Amino acid sequence: MSRNARYELIAAHYARNIQDGLLYAGERLPSLRTLCRRESVSLMTALAAYRRLEQLGLVEAQERSGYRVRDQAAAQVLRSPMRRPRLAQPSRKREVLADQMLAAVADPSLVPLGMGVPSRTLFPLQELRRVSTKLLRTKPELWASYSPPPGDRALRRLIALRLRDRGLQVGVDEVLLTAGAMEALSLALRVLVRPGDAVAVECPTFFGILDAARGVGARVIELPTDAKSGLDPAHLDAACRQHSIRAVVLVPSFGNPSGGLMPDERKQRWATLLHKQGVGVIEDDLYGELAHDGRAVAPLVSFSREGSGEPPALLVGSFSKTLLPGGRVGYVVARGSWAEKLKRLKQSTSLANVTLPEQVVATFLSSGTYQRQLRKMRSAFADGVATLRGEIAEHFPSGTKVSHPRGGFLLWVELPPGCDGVSLFHAAIARGISIAPGSLFTLGPGFERFIRLNAGAAVERKDSIATLGKLARRQQASGNA
Ligand SMILES: Cc1ncc(COP(=O)(O)O)c(C=O)c1O
């Protein structure tokens, strides 16, 4: 059962109809009075639902004629410069850039637009302190004990319940707690892949996925993904004709960096194809609970047709983007013997997890505080994305294209010809701003004109978008590529 506020559910219903093309640009929504009657809600709730849609940039209020669907067609479409699958060759240049980027995101003096973590101000720091202190007061022995794999049972049960709410039937013993999603990804790749195996990834994708795949000695096949609907399974089908692919790693819900949301029909096609080709899947679901309209997004693996003895469908998640990045609480979900293999691997890697953060997360989840926190995050991200898109439109050179994610807080930006993401990254650091250059999100070429920006850092942003825009215009004018 959903735990969202009533107005959010009403807004989510209309948002879906608009995004699925059932309501057209310019079409009028029911009047507030009609909405109250139809949904049996108060005027306040009806108004809150329409304000939410307004905040999401989907409708606009018009004097005396109520709310209308906004003209979405005007948005510039962002397309991948890649067309076909390719075997990627890592370069030394990219490694150096990755080191420079990590140094920049760790520098507290820089405006953190390159970070993949929301602003500190959005995390419930006081509540985290209160819960941690209380736990340590009542159970000081937490510091004297390990949390051996698969990890705290109460937390695993709560995670399984949340995933069941989203359509993934999970048992408590199918959840293994890890040190963040990064460890979960790495363990998942290690149980599935042997050195020299081919692993398919989206392009662009989160650089941690590229590093983890390379870490197990995999050959990495990059498949062009789509900033609106995620990766098309036809690309994997094509890649399977040339390579014997062992596994694919996907971020189908508000992927990093491009932010697309794969429609359920496409997820269904993925499940059929994976079964047909005998390819395992690792779904990175880090942003799956962060739909701006509060909708419950079904994970791709919930459509899986995994049978016993077949390559598995694994799901990876964490609480790093929503509650406590510093707690390093993540998880990987697997069935039957795969759950057992993962547990053993975790045991041989780090023996156990830290007890306190697991119990802090369990306390938040069981008290309902986490649900409130998610609502706050979603609303701040919807605002941040809308504001940042507006600022980019105002300050960046014409011809700039920006993703329009319906969840999460990352914006993927394509600069016009003449600009270069890596040069902009260096010029921005000199002005006290960190950004993430697009070249980091692939092992190959093609994304030199892209950058990723953090719309969850609204508080720290100040005039930095105007500064970045000025730098990009200067690049464009001097034809610096
Ligand atoms: C798609 C994706 N997966 C995994 C991670 C790593 O998450 P964690 O901090 O929980 O290890 C990130 C962090 O940016 C991410 O964006």
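Being a predicted model, the structure only gives us computed values, none of them experimental. Both counts, for ligands and for their atoms, begin at 1 and track the order of listing. Note that these values count all heavy atoms, side chains included, but never hydrogens, waters or copies made by symmetry.
Ring pair Y370/F319 is perpendicular by interplanar angle, where above 60° counts as perpendicular and below 30° as parallel. Taking the six-membered ring where the residue is Trp, W412 and F441 present perpendicular rings, their angle passing 60° and hence far from 30°.
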query: Does the side chain to side chain contact (heavy atoms under 4.5 Å, CB included) test come out yes or no for V360 and L324, once each step is laid out?
result: CA-CA 9 Å; V360 169; L324 71 176; 4.3 Å; yes
Tabulating one pair per line, provide the atom names and distances (0.1 Å) for every N/O atom of ligand 1 that is less than 3.5 Å from a protein N/O atom.
{"residue": "ligand 1", "atom": "3 (N)", "partner": "D284", "partner atom": "OD1", "Å": "3.4"}
{"residue": "ligand 1", "atom": "3 (N)", "partner": "D284", "partner atom": "OD2", "Å": "2.5"}
{"residue": "ligand 1", "atom": "9 (O)", "partner": "S320", "partner atom": "OG", "Å": "3.1"}
{"residue": "ligand 1", "atom": "9 (O)", "partner": "R328", "partner atom": "NH1", "Å": "3.0"}
{"residue": "ligand 1", "atom": "10 (O)", "partner": "A181", "partner atom": "N", "Å": "2.8"}
{"residue": "ligand 1", "atom": "10 (O)", "partner": "S318", "partner atom": "OG", "Å": "2.7"}
{"residue": "ligand 1", "atom": "10 (O)", "partner": "S320", "partner atom": "OG", "Å": "2.6"}
{"residue": "ligand 1", "atom": "11 (O)", "partner": "A181", "partner atom": "N", "Å": "3.1"}
{"residue": "ligand 1", "atom": "11 (O)", "partner": "M182", "partner atom": "N", "Å": "2.9"}
{"residue": "ligand 1", "atom": "11 (O)", "partner": "R328", "partner atom": "NH2", "Å": "2.8"}
{"residue": "ligand 1", "atom": "14 (O)", "partner": "K321", "partner atom": "NZ", "Å": "2.6"}
{"residue": "ligand 1", "atom": "16 (O)", "partner": "N256", "partner atom": "ND2", "Å": "2.7"}
{"residue": "ligand 1", "atom": "16 (O)", "partner": "Y287", "partner atom": "OH", "Å": "2.6"}

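Residues F381 and F409 bring their aromatic ring centres within 6.0 Å.
Here the closest heavy-atom approach between residue P112 and residue N454 is recorded as O-ND2, 3.4 Å.
At least one test fails for K267 against the ring of W270: distance under 6.0 Å to the centre or angle within 45° of the axis.
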